[in-house]
Amino acid sequence: MYFDFLVKIPDVKGKIYEKTIKGVTYINYEYDRIYKPEKKYNIPKRTTIGKKSDEDPGMMYPNPNFLTYFPDAELPESQERDGRSSCLRVGAYLVIQKLIMETMIDKIVNGIYNDDRGTGLFLDLASYYLVTENNAGQYYPDYAYNHPLFTPNNKIYSDSTVSKFISEISVEDSVSFQNEWNAIKKKTDRIYISYDSTNKNCQAGEINLAEFGHAKDDKELPIINYSIAYDCKNREPLFYEDYPGSIVDISQLQCMLDKAKAYGYKKAGFILDRGYFSRENIRYMDKCGYDFVIMVKGMRPFVCEQVKKIRGSFETEWTTSITRYKVNGTTVKTPVFYSDEKDRYLHIYYSFTKAASEKSLLESTIHKTSTYLKKMEGQPVVIDKKYGKYFSLEYYHEGQEDQCFVCGIPKNDFISQELQMCGYFCIITSAEMSAKEALELYKSRDASEKLFKADKSFLGNRSFRVHTGESLEGKMLIAFIALIIRNRFYTKLKDEVEKMDETPNYMNVPAAIRELEKIEMVRQADGVYRLDHALTATQKTILKAFGIDANYVKRKTKDLSDRLNPKNKTVKI
């Protein structure tokens, strides 16, 4: 990309070289030399910094590399037309704009801020998170420089303005958005909501939510807990929660159920991970009238009893095979705890692959423990209690204080029971269904798992990059809206792929965005932006997933060109 203004060709002795290709003379700059000892000479490292002017041999049209290596160079005023690149990447913007209108996010955000600047900058930041996979405010002006914007007149705000704007987003704004977002959802059909949480390390001292807790990635730092409720039927996030790091998942569930009830979700069931399994939570879901699908945490005694009763009756039967997941499953109707008021549906599964891996891991653990205890025999030490799970730890007492470790005796019966339980896992449902239906419902929560991956890996939210609670609330709300847009982006591509005979490697969100970013508008000699080239076959395939064709792109880019034209500054965005 070359700028549309002229600068003087730098006068740097021995560093500037001209190279003519197809009648165009390019100006190259030698920025380094690398010495090759084996060849005993230097290899120059060069890059193109401009294109020589035909009218004035001493001038050139620079490119961004020129500004990198000559940051102090004087630029003509023509460069300051509107502080915007002469080449705008419009492909991803057009898709995001359409998705925002389909979801009515623009109307909800506009209702909260009720001004063009607030709505525009908010949506621009959400687009910035999505396209660049970054949430650092200081890089937003770089994104705005070569992208169309939702702000009036496509105004580019500085990083300090962005930082101030984010810090002014309040908890009330977050609550208002989620209330409006859930108010427009259709609630007549029955849905299953997948609910899961994660946590993020935090070093900032002024964030009240940051507390020491049970971190998934323990770095001995305070953490912030973050959870999302996801509608598995309509495939979209519904609401999110942020709460102190010291609160465990099992305790937060009841608060979430109250919120779901307040949002009006009555015909709903919840798909939960094993971390939410408890007697109190099951009873509370009964009280709220919610069905549930929940994985059992570990092999609880009541589960072991049921497995022992039916072991050998279904593991090798073809009628109980669930081929999609390579497991066998059966269902037992039973209470899940002794004081349970009603029977539940306990779905028991067996996987030969899971059995082999778990058995190998268990045998390895026992072997390592046995080897360690052998080394400690005869030593005046107290063995950590964790080694007593599979071994009885024997000591010889010489006095009230002195004791010597003698040996570890394997708990053979307990080890045998553990080996027999390898390969089994269980899901409990409140509603009657088959083992296959229960497993498919539970597996549908993979979509919510992908949400957390997208949030951390593809929206830049592995780190919040904030130092105050106010900025944290702002970034989390913007990130949630970006997550809604990205999730819809993902589902549209996925639906289109299912219609194809094969899966192209560009029909995923990151690859599709990279390809769409190649659709560009270039500012020409008359100062008007125009589409640089026709759509490629790949771009047409991607855009088809969103109901966009070449005519739509031409029409939208023409509208955008009119808004960016200096002669039409009164045109409302």
Side-chain angles (χ1 to χ4, degrees), residues 90 92-131 140 144 147-155 157 162 165-166 168-189 191 193 228-231 233-241 259-260 262-265 451 454-455 459 473-492 543 545-548 552-553 555-557 559-560 562-563 571-573:
V90 298
Y93 167 84
L94 294 178
V95 171
I96 292 172
Q97 182 188 52
K98 191 170 190 294
L99 296 179
I100 286 174
M101 290 189 294
E102 289 177 355
T103 55
M104 299 177 66
I105 287 176
D106 55 337
K107 297 184 183 300
I108 298 175
V109 175
N110 187 58
I112 296 173
Y113 292 101
N114 198 27
D115 67 89
D116 290 339
R117 172 191 159 176
T119 303
L121 184 55
F122 196 104
L123 297 178
D124 283 332
L125 288 171
S127 301
Y128 163 62
Y129 287 11
L130 174 56
V131 172
Y140 168 76
H147 286 85
L149 302 174
F150 293 98
T151 49
N153 297 319
N154 280 253
K155 183 176 179 180
Y157 289 101
V162 168
F165 176 77
I166 292 175
E168 291 173 349
I169 297 175
S170 64
V171 177
E172 288 74 17
D173 294 339
S174 173
V175 172
S176 297
F177 177 84
Q178 293 184 77
N179 286 342
E180 292 298 322
W181 173 246
N182 287 278
I184 64 175
K185 301 301 164 193
K186 185 179 179 182
K187 300 182 177 71
T188 55
D189 296 335
I191 62 172
I193 299 173
I228 294 177
Y230 180 83
D231 180 353
K233 180 177 180 179
N234 298 303
R235 300 181 298 174
E236 59 185 0
L238 298 177
F239 57 89
Y240 74 94
E241 299 174 306
K259 290 179 184 177
Y263 286 134
Y265 294 106
L451 276 183
D455 180 62
L459 295 177
E473 292 293 344
K475 281 208 168 182
M476 292 189 76
L477 179 57
I478 295 171
F480 181 68
I481 292 175
L483 201 61
I484 293 173
I485 300 169
R486 190 186 189 281
N487 179 76
R488 195 170 183 86
F489 203 120
Y490 167 78
T491 54
K492 293 273 188 179
L543 292 172
F546 307 96
I548 295 175
Y552 181 96
V553 173
R555 185 172 69 255
K556 287 294 183 179
T557 52
D559 293 343
L560 184 59
D562 291 341
R563 296 201 300 267
V571 176
K572 182 175 177 61
I573 297 179

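With hydrogens and angles ignored, the 3.5 Å screen pairs a side-chain donor or acceptor of Asn487 with a backbone N or O of Arg235. A donor-acceptor pair under 3.5 Å is absent between the side-chain atoms of Lys98 and the main chain of Gly547, judged by distance alone. A donor-acceptor contact shorter than 3.5 Å is absent between the side chain of Trp181 and the backbone of Ser176. In terms of modelled atom types and a separation under 3.5 Å, the side chain of Gln178 and the main chain of Tyr240 share a donor-acceptor contact.
Ring planes of Phe165 and Tyr113: tilted class, angle from 30 to 60°. The aromatic rings of Tyr263 and Tyr265 lie perpendicular to each other, with more than 60° between the two planes, well past the 30° mark.
Heavy atoms of other residues, nucleotides or ligands lying less than 6.0 angstrom from CE of Met104 number 12 at most. Shown here is Lys233, whose NZ atom has more than 12 heavy atoms of other residues, nucleotides or ligands within 6.0 Å.
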Full working for ring-ring contact (aromatic ring centres under 6.0 Å, His included) between Tyr93 and Phe150: CA-CA 9 Å; Tyr93 167 84; Phe150 293 98; 5.1 Å; yes
Trace of the side chain to side chain contact (heavy atoms under 4.5 Å, CB included) decision for Leu130 with Leu483: CA-CA 8 Å; Leu130 174 56; Leu483 201 61; over 6 Å; no
Side chain to side chain contact (heavy atoms under 4.5 Å, CB included) between Ile96 and Val131, worked out: CA-CA 9 Å; Ile96 292 172; Val131 172; 3.7 Å; yes
Working for side chain to side chain contact (heavy atoms under 4.5 Å, CB included), residues Leu94 and Phe546: CA-CA 10 Å; Leu94 294 178; Phe546 307 96; over 6 Å; no
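By the side-chain hydrogen bond (donor to acceptor under 3.5 Å, both in side chains) test, Thr103 pairs with no residue at all, sequence neighbours left out. When the side-chain hydrogen bond (donor to acceptor under 3.5 Å, both in side chains) test is applied to Lys259, the partners found at least two apart in sequence or on another chain are Glu241.
In this structure, Thr119 OG1 and Lys107 NZ are separated by 11.0 Å, a value rounded to the nearest 0.5 Å. Once rounded to the nearest 0.5 Å, the distance linking CG of Leu121 with OH of Tyr140 reads 5.5 Å. Rounded to the nearest 0.5 Å, atoms CD1 (Ile166) and CE (Met476) are 13.5 Å apart. Note that the CD1 atom of Ile193 and the CG atom of Leu238 stand 5.5 Å from one another [nearest 0.5 Å]. From Ile478, atom CD1 reaches atom OH of Tyr129 across 4.5 Å, with rounding to the nearest 0.5 Å. Rounding to the nearest 0.5 Å places NZ of Lys492 at 9.5 Å from CD1 of Ile548.
Within the 4.5 Å cutoff, no side-chain heavy atoms of Asp106 are placed close to those of Asn110. Taking 4.5 Å as the limit, every side-chain heavy atom of Leu99 sits out of range of all side-chain heavy atoms of Ile484.
Across all non-hydrogen atoms, the minimal contact from Ile481 to Ala126 is CG2-CB, 4.4 Å. Summarising the geometry of Pro237 relative to Ile228, their closest heavy-atom pair is CB-CG2, 4.3 Å, with the distance given to 0.1 Å. The nearest pair of heavy atoms linking Thr151 to Gly120 is CG2-C, 3.6 Å.
Applying the salt bridge (charged side-chain N to carboxylate O under 4.0 Å, His left out) test to pairs two or more places apart or on separate chains, those with a residue in residues 170-186 are Lys185-Glu236, Lys186-Asp189.
Using modelled atom types and a 3.5 Å distance limit, the side chains of Tyr157 and Asp124 yield no donor-acceptor pair.
Aromatic pair Phe239/Phe480: centroids not less than 6.0 angstrom apart.
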